Engineer: 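Sharing a structure with you now.
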Amino acid sequence: MSIIAAFWNGIMSYTAWSFFVLTAAALIVYYVLPRKYQWSVLLIESAVFYYLASGKDLKSVLLFVATIVFSYIAGRLLERKKNRALLVVSLVVTILPLLLVKGNDFVWKRVVSGGIESLIIPLGLSFYSLQIYSYLYDIYTGKNNAQKNFLKYALYVSFFPHIIQGPIPRYDKLGSQLYEGHAFEYETIAKGFQLVIWGFFLKYVIAERAGIIVNTVFDHYTMYQGAFALLAGILYSIQLYTDFLACVCMSCGVAEMFGIRLTENFRQPYRSRSVKEFWRRWHISLSSWLRDYVYIPLGGSRKGMFRRYLNLILTFLISGIWHGNGLRFIAWGGIHAFLQIAGDLLHPVSKRIKHLLQIRDDAFVERQMDRVVTFFFVMLAWIIFRANSLRAGLYMIRSIFTVYNPWVLWDDSILGLGLDWKNCVVLVFAILLLILMEHIQEYSRTSVRERVMMQPLIARWTVYLMAISVIVVFGVYGYGYNASDFIYRGF
Amino acid sequence: MEAKKKGLNAVKIVSFLCLLVLTVHLLDRTMIAKYMDDEKEPQTKTYKGFYHMEKDSVDVLILGTSHAAAAINPQDMYDTAGIRAYNLASSAQPVWASYYWLKEALKYQSPSAIVFDVNYLFRDSHYETCNRKALDDMRLGSVKYAAVRTAVATDQSGKETALSYIFPFFRYHSRWSSNLNEWDFDNSRTEVPPKLKGFWYYTGLAHYEDFTPLDVSTSSEEAPFVETSFSWFEKMVDLCQKNHIMVIMIKTPTHRFTVEKHNAVQAYADEKGFPFYDYNEAELYHASGLDYSHDMDDASLKNAHLNPSGARKISKDLAVRIAENGWANSCQDDQWELTKETNENLYKDFMLQHTEDIATYFDMLKDDRYTVFISAKDDASAGMNDMVKTALSDLGLTVDWSDMYRHGYLAEIDRENVVYEKVNNKRIEYSGSFRDGVMRITMSSAGYESGNQSSICINGVEQSRNSRGLNIVVYNNERHCVIDSVCFDTCATDMKCVR
């Protein structure tokens with residue numbers, strides 16, 4: 001009775017024990033039921049998960065349900081009549097709550113006196129708004145048909161593995177997978193389980209540990225300057241990536257256990273050789289959404305260089321706004337647009353220089369140099385993204401270039417940032433393991449997961465149990481540590 | 001074929017889950033905080049040991065805070081009157097924890113009496129550490145779950161979770177970076193039958209002189225009980241009455257107990273027909289032979305714990321009263337018979353720690369439980385007399401102290417065997433290991449003119465007093481800890497003792 005109460009009263013998240021209990025129960029029922037009814041299990045778990053994950057906030061749940069009802073009707077109408085005005089109205093209504101939330105601090109509170117004090121913010125608003133937007137738009141363009149079964153449509157929007165942090169799905173890729181049902185496959189369960197373990201490792205061994213130093217420096221940026229700011233910038237880049245990747249791994253892992261493959265969201269982004277490439281590898285579902293529903297409709301690269309760059313700037317400014325309701329997010333989007341345009345404009349120059357210096361573009365050193373430079377610029381932009389204000393972010397970046405104190409990396413000063421030397425060693429080793437995994441993923445035809453699956457049972461289980469032990473012992477979680485929620489959940 | 005494959009896969013998943021549970025259990029067992037012999041309050045031994053007692057072999061259970069844990073020695077009770085008692089008290093044990101431990105204990109034992117220290121009837125506090133100390137080693141079951149829920153409900157911070165009590169690694173997993181020690185990796189040493197039956201050796205000597213026993217005739221006022229604590233106590237009383245268990249209320253000596261508190265407990269005890277023994281009350285205090293200036297480990301504003309000398313007096317007095325009133329039968333039991341020597345040995349450790357006479361001290365070092373390290377500083381020979389030289393010689397040491405002015409000197413005596421001894425007018429250094437290679441030792445000694453220093457490092461921790469004369473460190477190989485570090489100024493004829 002009390003366990004049920006604890007289950008029911010807790011706030012659910014992808015790392016909560018109640019989530020895995022719920023999922024385990026759903027998995028059993030899912031595979032026991034005939035395939036044509038399996039989707040109903042997903043719908044029920046999605047509903048329970050959404051209700052508990054939103055803290056049983058009925059208002060936000062109702063707003064979410066209302067959005068689903070509205071978009072379902074809009075979709076059906078758009079399918080019958082491809083009316084542009086209807087599309088615009090549908091899209092505006094769909095995106096309006098998101099605009100209200102994102103604009104509340106930045107626009108409304110500045111322009112309209114006071115702004116809106118008590119906004120209802122449904123869980124996953126940023127993600128499902130874009131999901132519904134693409135669904136309606138694709139019906140209008142004829143790419144998709146509308147889902148006729150309301151409950152099935154509700155499942156598409158609310159599918160629990162992606163509702164909080166994506167990846168942002170497309171109906172044509174996800175819809176049929178949700179409804180067709182799947183036979184029980186041991187390999188599917190095992191592969192999903194691998195992703196979940198990897199997600200826990202990234203979240204609790206790397207992201208949360210890196211976050212301790214990051215928080216110390218960013219919260220006291222006037223005290224920690226120069227090399228400290230650089231270190232914090234690097235660690236934040238790693239923290240954000242591993243935190244987001246962790247959530248995506250858990251989402252994809254859980255979905256995979258049900259036989260459903262979600263969209264790939266990351267492809268080793270910090271191995272990019274240019275900022276342009278970075279956006280092909282980072283948060284792929286969002287970048288492709290922005291490409292398909294913002295950049296291309298604006299004209300894309302079809303209307304000359306000036307319009308191309310203008311479209312790029314607009315797209316990244318929108319991306320910035322999507323990420324948060326502060327000036328620094330818009331600045332962050334602007335920086336990325338600038339970096340891409342600069343990279344584009346300077347490309348012929350750099351090509352010429354390389355030619356003169358006889359540097360082969362595919363040379364190992366050249367590849368690594370490109371990666372380091374790209375990472376450096378992306379990292380500077382992340383500092384703006386993470387800082388407590390735009391002013392604080394600029395202050396930190398300036399200090400990287402103006403305060404010369406590299407010795408703090410060697411004189412034990414960094415041990416005063418919240419991690420003792422043993423934790424620093426664990427962090428370094430964990431990051432090295434991540435780099436190794438990314439290297440294998442990048443260059444090997446066989447993924448790490450498949451390699452593990454090819455091993456004998458004992459070897460596989462040893463790997464799993466060792467990984468779990470490492471997470472249990474070296475993870476940063478529980479009372480004593482203030483493990484934060486997934487960072488992207490806040491966007 | 002398909003069904004067979006599915007069945008095999010299901011078996012695989014279940015097998016893996018079993019291995020997973022086992023792995024988590026092993027991690028849990030390793031990471032959980034342990035309070036063993038090297039600690040002042042060996043809580044882990046108290047509770048793990050309790051489960052090793054033979055079923056229905058304990059007649060008296062002691063419950064309460066550390067005051068009770070340090071005051072009532074079940075072995076002394078047994079030695080005095082054949083009373084078979086077990087002390088389940090713990091640090092700042094809330095009354096609800098006493099209640100749940102009683103409930104848990106009743107699953108395994110059928111006591112005829114409980115002894116409850118009333119300290120916390122006047123307090124209600126939430127210390128996470130103390131709650132965990134009380135609950136960590138309770139076996140999983142409905143009683144533990146109810147106790148955990150109570151602990152979490154009393155937590156004002158809202159940070160404690162029931163899950164972290166059920167699976168302690170949630171709370172303790174970060175111990176890997178701070179204080180994992182040998183107890184964590186050798187389960188066989190925590191899962192052993194209890195030798196002291198929950199009694200804690202608080203081996204200090206407070207020398208507190210300002211204690212005046214209570215004259216209860218000076219006031220008839222009654223201090224109020226703390227409501228929550230009292231309601232849990234009443235539950236405990238109900239449980240006892242249902243199981244025909246006599247409730248004996250006591251208060252161990254503390255300068256913080258008042259006449260008003262005494263009156264409140266006495267009134268309640270009279271109403272219920274329970275005996276109440278307040279060792280702060282003048283008549284009982286004197287009758288039991290207590291001497292606050294010699295029988296207390298500490299006597300600060302916060303605490304007041306008896307040392308083994310005081311505990312022996314109270315335990316004997318209580319045992320006699322319980323036997324005389326027939327609240328528990330006197331009998332013989334191997335579980336207590338076999339631990340008499342341990343108790344006496346520990347008492348000897350306590351005496352050693354407070355011995356200031358050098359000849360007596362060296363005489364007491366003749367014990368095969370000890371490894372003794374000696375390091376001289378400045379000069380250790382000028383004040384030596386024949387009696388001390390003989391005592392040192394009796395330990396097996398061979399140095400002639402007559403021509404050693406301001407020399408360095410090092411010695412190691414392991415379980416009554418001299419394994420190293422060296423004297424020199426230059427600085428001397430020694431390194432090695434003891435306790436079957438588990439413990440590392442580095443020592444150095446330098447006379448006044450060659451460095452004037454004494455060092456005795458055990459596993460990297462400096463233990464020497466580094467004072468003039470003979471610096472001595474005593475390691476107990478049974479308790480696995482240093483039990484004394486002392487210096488006798490053998491340069492001066494009074495051979496003053498420094499601790």
Side-chain angles (χ1 to χ4, degrees), chain A residues 1-3 5-7 9-11 16-18 20-21 24 27-28 31-32 183-190 193 197 204-205 208-209 212 257 419-427 457-458 460-483, chain B residues 2-3 5-31 33 128-129 131-132 142 144-150 152-153 155 157-180 184:
Chain A
M1 183 61 198
S2 303
I3 290 173
F7 172 88
N9 293 329
I11 300 276
W17 66 273
S18 50
F20 289 98
V21 170
L27 271 171
I28 293 168
Y31 284 114
V32 167
F184 174 80
E185 293 282 347
Y186 173 77
E187 198 173 309
T188 309
I189 300 282
F193 182 67
I197 294 177
Y204 288 122
V205 181
E208 291 295 335
R209 184 166 273 108
I212 292 171
M257 287 184 191
L419 290 184
D420 60 20
W421 71 269
K422 290 178 193 166
N423 273 287
C424 287
V425 168
V426 170
L427 180 60
L457 186 80
I458 292 176
R460 282 203 313 270
W461 286 12
T462 305
V463 169
Y464 299 156
L465 292 174
M466 281 178 66
I468 291 169
S469 302
V470 165
I471 295 161
V472 166
V473 175
F474 298 114
V476 174
Y477 61 90
Y479 187 17
Y481 290 114
N482 292 314
Chain B
E2 188 66 22
K5 193 182 165 192
K6 276 189 178 175
L8 189 66
N9 285 337
V11 169
K12 271 200 234 171
I13 290 173
V14 172
S15 307
F16 180 76
L17 289 176
C18 291
L19 280 174
L20 183 59
V21 169
L22 181 68
T23 306
V24 170
H25 169 71
L26 290 175
L27 289 173
D28 212 42
R29 206 170 67 176
T30 306
M31 305 312 287
E128 189 210 352
T129 313
N131 290 353
R132 289 188 185 274
S142 58
K144 177 158 185 173
Y145 189 62
V148 164
R149 285 180 61 199
T150 309
V152 173
D155 170 35
S157 72
K159 289 179 178 174
E160 292 177 40
T161 61
L163 204 62
S164 69
Y165 278 92
I166 305 293
F167 299 108
F169 70 81
F170 277 107
R171 187 67 181 95
Y172 296 118
H173 70 96
S174 56
R175 288 184 68 231
W176 69 268
S177 69
S178 53
N179 59 354
L180 284 184
D184 297 304

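Computed from a prediction, not measured in an experiment: that's the story for all the values here. Order of the sequence lines fixes the chain letters, A, B, ..., with proteins taken first and strands second; residue numbering starts at 1 for each chain. The analysis underlying the following values was restricted to heavy atoms, covering all of them including side chains, and did not include hydrogens, waters or symmetry mates.
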Engineer: In Å, rounded to the nearest 0.5 Å, how long is the span from CG of A:Leu465 to CG of B:Leu27?
Structural biologist: 9.5 Å

Engineer: With sequence neighbours excluded, tell me which residues meet ring pair (Phe, Tyr, Trp, His ring centres under 6.0 Å) with A:Tyr31.
Structural biologist: A:Phe184

Engineer: Do A:Arg460 and B:Phe16 have side chains that get closer than 4.5 Å, going by heavy atoms?
Structural biologist: no

Engineer: Return the set of residues passing side-chain hydrogen bond (donor to acceptor under 3.5 Å, both in side chains) with A:Thr188 (not counting sequence neighbours), or none when no residue passes.
Structural biologist: none

Engineer: Please say which of A:Asn423, A:Val426, A:Leu419 ends up in a side chain to side chain contact (heavy atoms under 4.5 Å, CB included) with B:Ser177.
Structural biologist: A:Asn423

Engineer: When rounded to the nearest 0.5 angstrom, what distance separates CG in B:Leu8 from OH in A:Tyr186?
Structural biologist: 9.5 Å

Engineer: Shortest non-hydrogen contact from A:Arg209 to B:Trp176?
Structural biologist: NH2-CZ2, 3.8 Å

Engineer: May I ask you to test the A:Ile468-B:Thr23 pair for a side-chain heavy-atom distance under 4.5 Å?
Structural biologist: no

Engineer: Between A:Phe193 and chain B, which part of the residue has a heavy atom less than 4.5 Å away: side chain, backbone, both or neither?
Structural biologist: side chain

Engineer: Please give me the minimum heavy-atom distance between B:His173 and A:Val473, naming the atom from each residue.
Structural biologist: ND1-O, 3.2 Å

Engineer: Can you say whether B:Ser15 sits under 4.5 Å from chain A via the side chain, the backbone, both, or neither, judging by heavy atoms?
Structural biologist: both

Engineer: Around atom CZ of B:Phe167, are there more than 12 heavy atoms of other residues, nucleotides or ligands at under 6.0 Å?
Structural biologist: no

Engineer: Find out whether A:Leu457 and B:Lys12 are in side-chain contact, i.e. whether some heavy atom of one side chain is under 4.5 Å from a heavy atom of the other.
Structural biologist: yes

Engineer: Please state whether the side chain, the backbone, both or neither of B:Leu163 comes within less than 4.5 Å of a heavy atom of chain A.
Structural biologist: side chain

